[in-house]
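One structure is given below, encoded as structure tokens.
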Amino acid sequence: MKILQLHVDFVEYEPIQVESSVYEEADRKVNRIEDALLLLVCVEKEDEENIVDELVKDVAQFVDKLKVSKLVVYPYAHLSTELAPPQKALSILKKIREEFVSRNLEVYSAPFGWNKRLVVSVKGHPLAEQLRSYGAGGRIRTTSEPVSTALLMEEKLKSYWFILTPSGEMVPVESFDFRGYENLEYLTRYEIAKSRAVIEQPPHVQLMKKLEIADYENASDPGNMRWLAKGRLIKSLLEQYVTEKVIEYGGIEVETPIMYDLHHPSLEKYLHRFPARQYLIKTEEKEYFLRFAACFGQFLMAKDMVISYKHLPFWLYELTRYSFRREKSGELAGLRRLRAFTMPDAHAFCRDLQQAKEEMKRRLKLSLEVLEGAGITREDVEMAIRFTKDFFEENREFVFELIRQFGKPVLAEMWEERFFYFILKWELNFIDTQKKAAALSTDQIDVENARQYGITYVDEDGVEKYPIILHCSPSGAIERVVYALLEKAYMKMQKGEKPMLPVWLSPTQVRIIPVAERNLQDAIRLMEELEKNKIRVDVDDRGESVDKKIRDGESEWIPYIIVYGDKEKERGILPVRVREQGKIIEMTLEELIEHVKERIKDKPFKPLTLPKLLSRRPSFK
RNA sequence: GCCCCGGUAGCUCAGCGGGUAGAGCGGCGGCCUUGUAAGCCGCAGGUCGCGGGUUCAAAGCCCGCCCGGGGCUCCA
């Protein structure tokens with residue numbers, strides 16, 4: 001027996017005409033039931049009455065969990081090709097209904113043996129759709145039965161989980177000794193078990209507000225943030241940094257539209273392959289969706305390029321501001337998961353699998369460098385790698401090369417069959433304070449979209465071929481990098497250490513605090529000296545006490561604080577409060593400049609756009 | 001989406017067996033001219049998320065909605 005169980009806002013059915021010699025009496029009228037559990041029941045050849053108990057018990061659990069009181073039992077033949085004879089099917093259906101009635105449920109029965117018109121509106125939560133199978137009918141077949149792809153996905157996606165180690169071991173997760181690999185264990189649990197009760201809001205949310213980085217914007221859709229001056233600077237620096245790194249690696253930077261025709265033939269299929277919901281925009285003539293990555297734009301561009309094997313591999317790169325994904329509202333959380341986010345998206349077009357594998361190694365190296373530059377080290381991330389069984393068996397050595405490159409044991413998920421467009425994918429996951437995993441960098445080997453979009457190159461033998469495409473985001477969403485930095489800082493706070501951002505990302509790098517009003521002009525001159533060397537400096541000229549200003553500077557996580565008074569003017573030496581070391585170090589101006597420059601090195605610089613004098617600076621609410 | 005929790009001054013929060021709205025921080029004004037994590041005094045500031053309902057009376061109780069958080073094996 002197969003049951004497709006749907007939690008519905010409403011279901012409407014209307015008996016149209018009798019279709020079978022065995023049928024129940026019914027009126028030809030529309031029946032509408034709201035907020036109910038709809039059971040599309042298909043009785044199969046081998047089914048006996050004794051499976052009814054099992055079924056009723058399962059359903060009762062859901063009734064309880066979903067807090068519904070109405071059940072609609074709907075005979076639905078289309079879930080199987082091995083149907084029970086009608087008499088028997090009807091009698092089993094009746095038994096099911098009786099059982100539910102005896103459990104005090106409000107049971108509605110669609111008539112057996114009729115051709116019926118059916119309208120349903122399924123609720124959008126994870127438990128709303130369930131396909132279950134009972135008795136000798138056994139497993140759900142993945143053949144041509146008209147069960148939706150989304151439901152079949154579960155079966156195809158049957159996963160086997162392992163830990164792969166740099167030394168070449170492949171250990172089923174159950175038997176891996178996680179001692180010394182706590183974060184990997186958290187990632188594993190997060191990916192496989194996933195349930196955990198955490199009540200507080202993620203710590204980075206409070207920090208992003210307190211540090212005036214980002215905030216919610218109630219007037220927009222949830223998951224669309226506003227970035228305040230300091231946050232905009234941080235984000236902008238990260239954007240520039242990632243872009244520079246990708247270009248250095250050979251990325252060809254382009255820009256593509258953010259919205260696309262919902263019914264464009266190439267895109268339509270791709271969209272259907274991914275159930276995530278999009279933002280839709282209706283104009284008078286057409287419907288558009290907002291891009292959820294740069295894939296479309298770049299593929300449509302690559303399709304119009306004349307490509308020879310001599311050009312391969314080449315990269316198209318775009319920093320998407322924004323990519324849009326209408327994530328379910330319950331999944332949004334601070335900067336961890338947004339509906340509008342900024343993502344570097346780099347696609348490499350490769351001649352064949354061999355070339356794709358070589359490229360992928362380069363891109364893993366790039367990703368690790370980019371994260372490290374942003375302040376997220378290898379210790380902060382855990383790798384997950386996912387592949388089809390076939391791919392792994394044929395490319396085992398390559399998979400382990402990636403793992404050796406990463407240098408720590410890695411969580412591996414192996415799929416029986418390929419459902420997605422890729423045959424291998426890795427991600428670097430940040431494990432946050434709440435032990436939740438968020439993917440940052442990622443790369444995939446796509447063997448399907450070149451054909452889908454008609455992207456071809458001419459090979460040495462003069463034949464047009466489809467390239468293999470790698471999809472890489474070297475840093476992951478920029479917002480998520482900020483989230484990771486803030487969460488990392490919070491973890492430092494918990495250990496009693498001083499939190500801070502990397503110096504090159506700190507909105508104010510050096511703060512000068514004049515002791516008395518008469519020192520202000522000198523402080524401003526000092527600021528100007530530092531600014532000439534591309535260092536972000538401000539001066540706290542407010543009428544507060546020195547102690548108070550130091551306290552404020554510390555709570556803004558400013559890396560270098562200088563108190564400047566008569567003594568400094570006389571001696572020409574600066575007492576620099578160095579946050580990283582938690583102490584005051586005396587330096588000359590030149591030494592300070594050298595010190596800061598050494599920290600910032602090859603990272604991009606942008607000026608802070610807020611007024612340099614704190615007394616002139618509006619604070620954000 | 002669904003379930004649970006929350007929304008009170010710019011911020012953090014108290015008040016919630018219904019009876020004229022509070023603190024700290026911040027802001028503004030004044031005094032102090034300051035030496036390495038909060039100087040002192042004063043003042044202003046609130047359709048208690050929004051809309052309905054119950055009541056002589058609602059921040060509080062009831063219903064709906066919006067926003068945030070957590071959870072729901074959701075995550076390209």
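For the numbers below, each heavy atom of this structure counts, side chains included, while hydrogens, waters and symmetry mates do not. Letters A, B, ... are given to chains in the order of the sequence lines, protein chains preceding strands, and every chain is numbered from 1.
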Quick check for you: among [options], whose closest atom lies nearest to any side-chain atom of [X]?
{"X": "Pro202(A)", "options": "G69(B), G35(B), U36(B)", "answer": "G69(B)"}
{"X": "Arg336(A)", "options": "G70(B), A37(B), G35(B)", "answer": "G70(B)"}
{"X": "Val546(A)", "options": "A37(B), G35(B), G70(B)", "answer": "G35(B)"}
{"X": "Arg551(A)", "options": "G71(B), A38(B), G68(B)", "answer": "A38(B)"}
{"X": "Arg579(A)", "options": "A37(B), U36(B), G35(B)", "answer": "A37(B)"}
{"X": "Glu554(A)", "options": "G26(B), G70(B), A37(B)", "answer": "A37(B)"}

Mind checking the [atom1] distance from [N] to [M]? Whole angstroms is fine.
{"N": "C3(B)", "M": "A21(B)", "atom1": "C1'", "answer": "33 Å"}
{"N": "C25(B)", "M": "G45(B)", "atom1": "C1'", "answer": "14 Å"}
{"N": "G27(B)", "M": "C65(B)", "atom1": "P", "answer": "40 Å"}
{"N": "C32(B)", "M": "C41(B)", "atom1": "P", "answer": "15 Å"}
{"N": "A38(B)", "M": "U20(B)", "atom1": "C1'", "answer": "35 Å"}
{"N": "U36(B)", "M": "G69(B)", "atom1": "C1'", "answer": "38 Å"}
{"N": "C62(B)", "M": "G18(B)", "atom1": "C1'", "answer": "13 Å"}
{"N": "C56(B)", "M": "C50(B)", "atom1": "P", "answer": "25 Å"}

Round to a whole Å and report the spacing from [atom1] of [X] to [atom2] of [N].
{"X": "Ile584(A)", "N": "A37(B)", "atom1": "CD1", "atom2": "P", "result": "7 Å"}
{"X": "Ile513(A)", "N": "A37(B)", "atom1": "CD1", "atom2": "C1'", "result": "10 Å"}
{"X": "Leu187(A)", "N": "C75(B)", "atom1": "CG", "atom2": "P", "result": "15 Å"}
{"X": "Leu335(A)", "N": "G69(B)", "atom1": "CG", "atom2": "C1'", "result": "14 Å"}
{"X": "Glu586(A)", "N": "U36(B)", "atom1": "CD", "atom2": "P", "result": "13 Å"}
{"X": "Arg616(A)", "N": "C28(B)", "atom1": "CZ", "atom2": "P", "result": "14 Å"}
{"X": "Met208(A)", "N": "G68(B)", "atom1": "CE", "atom2": "P", "result": "10 Å"}
{"X": "Asp221(A)", "N": "C67(B)", "atom1": "CG", "atom2": "C1'", "result": "11 Å"}

For [N], which nucleotide in any strand shown is its Watson-Crick or wobble partner with both distances under 3.5 Å?
{"N": "C13(B)", "answer": "G22(B)"}
{"N": "A38(B)", "answer": "none"}
{"N": "G6(B)", "answer": "C67(B)"}
{"N": "C48(B)", "answer": "none"}

Between [Y] and [X], is there a salt bridge with N-O shorter than 4.0 Å?
{"X": "Asp522(A)", "Y": "Arg525(A)", "result": "yes"}
{"X": "Asp552(A)", "Y": "Arg542(A)", "result": "yes"}
{"X": "Arg617(A)", "Y": "Glu212(A)", "result": "no"}
{"X": "Arg616(A)", "Y": "Asp541(A)", "result": "no"}

Looking at [N], I'd like to know if its phosphate oxygens (OP1 or OP2) sit under 4.0 Å from a side-chain N or O belonging to [X].
{"X": "Ser545(A)", "N": "G39(B)", "value": "yes"}
{"X": "Lys548(A)", "N": "C25(B)", "value": "no"}
{"X": "Tyr564(A)", "N": "U36(B)", "value": "no"}
{"X": "Arg518(A)", "N": "U34(B)", "value": "yes"}
{"X": "Lys209(A)", "N": "G69(B)", "value": "no"}

Check every strand shown and say whether [X] touches a base, only sugar-phosphate, or nothing at a heavy-atom separation below 4.0 Å.
{"X": "Lys498(A)", "answer": "base"}
{"X": "Gly553(A)", "answer": "nothing"}
{"X": "Glu217(A)", "answer": "nothing"}
{"X": "Ala333(A)", "answer": "sugar-phosphate"}
{"X": "Lys210(A)", "answer": "nothing"}
{"X": "Pro222(A)", "answer": "sugar-phosphate"}
{"X": "Asp566(A)", "answer": "base"}

Distance criterion of 3.5 Å, no angle test: do you see the side chain of Arg325(A) paired donor-to-acceptor with the base of C75(B)? no
Can you find a donor-acceptor pair, distance only, under 3.5 Å between Gln206(A) side chain and G69(B) base? no
How many angstroms lie between atom CZ of Arg336(A) and atom CZ of Phe341(A), to the nearest 0.5 angstrom? 15.0 Å
Trp227(A) and Glu479(A): side-chain donor and acceptor closer than 3.5 Å? no
Pick the closest RNA chain B nucleotide for Gly223(A) and for Thr442(A) by heavy atoms, then say which residue is nearer the 5' end. Gly223(A)
When you match Arg337(A) and Ile550(A) each to their closest nucleotide on RNA chain B, which lands nearer the 5' end? Ile550(A)
Side chain proximity check, Glu568(A) to Asn519(A), heavy atoms < 4.5 angstrom: no
Less than 6.0 Å separating the ring centroids of His595(A) and Tyr560(A)? yes
Sidechain-backbone polar pair: His204(A) side chain, Leu335(A) backbone, donor-acceptor under 3.5 Å: yes
